[in-house]
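For ligands, and for the atoms within them, numbers begin at 1 and follow the listed sequence.
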Amino acid sequence: MKKNKFLVIGGGIAGVTCAEQLSSLCPTEEVALITASKLIKAVKNYQKVSRTLEQFDVEERPMIAMETDFPNVQVIHNKLTNLDTDKQVAMLADGGEIQYEMVCICTGARPRMIAANNPFVLGIRDTESVQTFQKRLHNARRIVVIGNGGIATELVWEVQGCEVLWAVKDRHISTTFVDPGAAQFFLPHLNKEKPDTSHEPIKRHKYAEQAGEGDPVSADGGAALGPDWTADLQMRGITKTGHAVHVDYEVEVRSVMSPEEFRISGKPTTQPPGFSTEQDVWPVYVELTSGSVYGCDFVVSATGVVPNVQLFLQNNFTMSNEGGIQVNDQMETNVPGVFAAGDVCTASWDWAPHWHQMRLWSQARQMGAYAARCMAARDQGDQVHLDFCFEMFAHVTNFFNYKVILLGKFNGQGLGNDYEILLRVTKGVEYVKVVLHDNRMAGALLVGDTDLEETFENLILNQTDLSPFKDHLLDPDIDIDDFFD
Ligand code: FAD
């Protein structure tokens, strides 16, 4: 059996970045990449926006493209069925085995689903699940979206021509990313018409994954979608309405009922205010903890993800409370020579004061790249210093057509009540929030084109004492850059 110096498991952003970096750092060594999906995710148009903020597109590419660009990488389209860390052998679904010296696990995460086996409940994770969603939406008059994170937020904004009932467990929308104030800022956009972007060019190539019939490997699910997953998708239902969204706050799902179960329950349905469609029988009914019962065409379960670790439960990896494989500051698990990166792992080193882990494409890329550096260094009997990207949390995204930038402890994470908030809001234009701890900036949330990100990033990193300036920090008539020059 041929022995590879390096083995990477997973064709998502973390795995592909890790294999690419290993290939560049160790051009004379063999790198094997196992992926259950035929299409792999490649990072394109990478731009460093500031010291910690980065932007890139994610391109789905055929596996062969990687072997052309990185000749010492062999991409194996197969499914890992077992990892024997004593013998350092990876076992594959087709009976094949791969021997390795060092391995990096990048198997991502899977959606945490309510009523997972109900055919009227969909999860959204990869290209295939989005295609299924689009197809079902095409004939839908009303859907119920459960969840309050990024996917749910993007979805309710994208869907048109179909009533959307959005059930959130919190007091405000989009809690994973924004505070109640910013949620309030976004609310008027929930039922606004979306600008027509169909004339804009598509930023990346897309290849459709032809999940061959009966192909056990592809059928198992691909990599998570990238940041622009909604960019070129038509999400349109059957009705003529534009946006029609109703939010039910502080609710969870009590039950998902078939028409027959609903009939037997004898419960009445609830008509959301402003919704016009009602029909005698819906394909599925959702009962919420508020007692409301909504009929709809289907339900989208967007209630977060869980690390994809089932395969490794028999290994002796130390797992975190939230189910990820724990890694140290060298991205190494407790089993020597086994590394992990991306959604599957839990960063278990002492975090820098303004960094925290969130399962995002930016961190998947950073962890994949850093894991490769750690593996290459280990091969030389060396260690590397924790990368600067783990010094401060930084993320750019887009909600309701607004640029959203999250820096440091943007929601006061881990600070209890021991923080101050500075706020500047211009309705419909921008929402700027600064979190101060001991008169120093601990985090910021910037919605709109504020142009403040670089200055705020420096203030967080440098921990400048802001007591003399804080009353003027967000004064729109003061050029903040001049302040700190
Ligand atoms: P994945 O991309 O999940 O890749 C895992 C890989 O492992 C896949 O190729 C899979 O086929 C392979 N694999 C799994 N098991 C096996 C096995 N047994 N054998 C072989 N291969 C296996 N993040 C953002 O930052 N911004 C966003 O706007 C955003 N939007 C999102 C929207 C959606 C709908 C979803 C689902 C996620 C979104 N995310 C977003 C999160 C982001 O996509 C993920 O954090 C990131 O892609 C994780 O990358 P990964 O490489 O760790 O895992």
Flag [X] as yes when one of its N or O atoms lies below 3.5 Å from any N or O atom of ligand 1, and as no otherwise.
X	answer
Gly10	no
Lys79	no
Ile124	no

Looking at [Y] and [X], is any side-chain nitrogen of the basic one under 4.0 Å from a carboxylate oxygen of the acidic one?
X	Y	result
Arg373	Asp387	yes
Arg141	Asp297	no
Glu322	Arg359	yes

Quiz prompt | Pairing residues for Glu454 by the side chain to side chain donor-acceptor pair (under 3.5 Å) criterion, not counting sequence neighbours | solution =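 Listed in chain order: nothing, the list is empty.
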Quiz item: With a 4.0 Å cut-off on heavy atoms, does Arg110 reach ligand 1?
Solution: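 Not so, Arg110 does not reach ligand 1.
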With heavy-atom distances below 4.0 Å as the criterion, list the atoms of ligand 1 near [X].
X	result
Leu311	18 (N)
Cys106	5 (C), 6 (C), 7 (O)
Glu154	28 (O), 30 (N)
Gly342	52 (O)
Asn78	20 (C)
His395	24 (C), 25 (O), 26 (N)
Ala364	48 (C), 49 (O)
Asn308	14 (C), 15 (N)

Quiz item: For atom 50 (P) of ligand 1, which candidate among Ala93, Ala14, Gly11, Ser129 holds the nearest heavy atom?
Solution: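 The option holding the nearest heavy atom is Ala14.
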Quiz prompt | For atom 20 (C) of ligand 1, the option (of Gly15, Pro111, Ala36) bearing the nearest heavy atom | solution =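 Among Gly15, Pro111, Ala36, the closest heavy atom to atom 20 (C) of ligand 1 belongs to Ala36.
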Quiz item: Under 4.0 Å from ligand 1, counting heavy atoms only, is it the side chain of Leu360, its backbone, both or neither?
Solution: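 For Leu360, backbone and side-chain atoms both sit under 4.0 Å from ligand 1.
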Practice problem: With heavy atoms only and a cut-off of under 4.0 Å, state how Lys41 meets ligand 1: side chain, backbone, both or neither. | Solution: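 Contact part for Lys41 vs ligand 1: neither.
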Quiz item: Hey, what's the ring geometry for Phe393 with Phe410, parallel, tilted or perpendicular (30° and 60° as the breaks)?
Solution: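 The rings of Phe393 and Phe410 sit tilted, inter-plane angle from 30° to 60°.
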[X] and [Y]: side chain donor to acceptor below 3.5 Å:
X	Y	value
Tyr402	Asp449	no
Glu453	Ser50	no
Asn72	Lys5	no

